[in-house]
Amino acid sequence: MDSESPSTKITAVHPDIIQTHILTRLDGPALAAAAAASRQLHSLATAETLWRDICAATWPSLNDPSLQSLVSAFPGGHRSFFSDSYPLLDHPSRLRKISSPSSELISAVDIHYKNTLILSKVEATETVSGWFQCSPFRVDLLDPKDTVASPVQYAVDGDDKWLRHLEETLTLTWILIDPTRKRSANLSSLRPVSVKRHWLTGETQVRYATVVGGDWEAASEVVQCAIVVTCAGKEGEDVQVMEVNLQVEDMEGRHLNGKDSLVILQQALHHGRRKKGKEGEAKARYDRYVEMARERSEKRLRREKRLDMVCIALAVTIFLTVCSYFLFR
């Protein structure tokens, strides 16, 4: 007796079952791969509701009603937003100024300890005032008197071990959004590139960073978008998050002003490559950046030392010449 094996083709499964019981179980990268598998899956896997739910699960700050409407207005809706924001930002080239900078940038920030959400906030930054243009660029998420409690237990004993624990378990995403041109990018390295105690206050500073190309007219070839989370607490108590801020820093350690930072950030948003980052790649890139900055600093010091020696030799020569003139005239 002939027996037919059941069909295993995806076309044999009802589209509603695929969309509600299969595709909803996938994460963003898997859903994007499914959309490229066939024409039928593409039509099902590009549904706005699927990508809206994935974006909200990945970045809880997107549950803000104002961001929901903004992201929906992206050319491909939440799918475009995910494509912009999920991969590692890779933009090492030098930049040129753009013709019409945006009047506002929006930051959507989420901090997790393991799988627990610590902080989720949306912050809008205007970019047209003289104060913004001339002052050092800095976005602060918390007011000076505000603190955010975390489930992390503060420890002093075994300090190195505790700092490594933070480096392994504290993750942060900082999605910068251009609401005018409908583009976004994650400026964070996701995991810390360094965790240190401040030498004076004893507070713990957790740094996340993405290295991008510097300004066309600036001396620095690359700069870092530095995000610093400052924590404090007492032995055995929960850690309190005191500060969360974003700044753009060049290789000389200078914080760029709003005007220069806006050029760099918008070029990274619109022309930066997005790539699937490997484990530890962002930290390795930051370490190379630090090494380049150290070599540049040492080179500058050697150059200044040679200049000082030339000035000293010139001063001694002039002094001896003047003394000889008065002694032997």
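One is the number of the first residue; the rest follow in order along the sequence.
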Does any donor atom in the side chain of [X] or [Y] lie under 3.5 Å from an acceptor atom in the other side chain?
| X | Y | answer |
| --- | --- | --- |
| Gln266 | Ser102 | yes |
| Ser188 | Thr173 | no |
| Asp250 | His255 | no |
| Arg191 | Thr171 | no |
| Ser129 | Glu126 | yes |

Could you check if a side-chain atom of [X] sits within less than 4.5 angstrom of a side-chain atom of [Y], using non-hydrogen atoms only?
| X | Y | answer |
| --- | --- | --- |
| Ile106 | Leu67 | yes |
| Lys182 | Leu70 | yes |
| Val148 | Leu142 | yes |
| Asp84 | Ser184 | yes |

- Is the gap between the ring centers of Trp59 and Phe82 under 6.0 Å? yes

Under 6.0 Å between the ring centres of Trp162 and Tyr154?
yes

Hey, are [X] and [Y] close enough for a salt bridge, meaning a charged N less than 4.0 Å from a carboxylate O?
| X | Y | answer |
| --- | --- | --- |
| Arg164 | Glu167 | no |
| Lys299 | Glu295 | no |
| Glu252 | Arg300 | yes |
| Asp140 | Arg138 | yes |
| Asp178 | Arg181 | yes |

Can you label the angle between the Phe132 ring and the Phe137 ring as parallel, tilted or perpendicular, going by 30° and 60°? perpendicular

**OP:** Start with the C-alpha gap between Lys234 and Glu237, add the side-chain angles, then the distance that decides, and say whether salt bridge (charged side-chain N to carboxylate O under 4.0 Å, His left out) holds.
**Re:** CA-CA 5 Å; Lys234 296 181 180 179; Glu237 297 183 358; 5.4 Å; no

Minimal heavy-atom distance between Val239 and Cys231, with the atoms involved, is CG1-CB, 3.4 Å

_Run the salt bridge (charged side-chain N to carboxylate O under 4.0 Å, His left out) test on Lys283 and Glu168 for me, step by step, so that the C-alpha distance in whole Å, both residues' side-chain angles and the decisive distance to 0.1 Å come before the verdict._
CA-CA 12 Å; Lys283 188 177 189 303; Glu168 294 169 356; over 6 Å; no

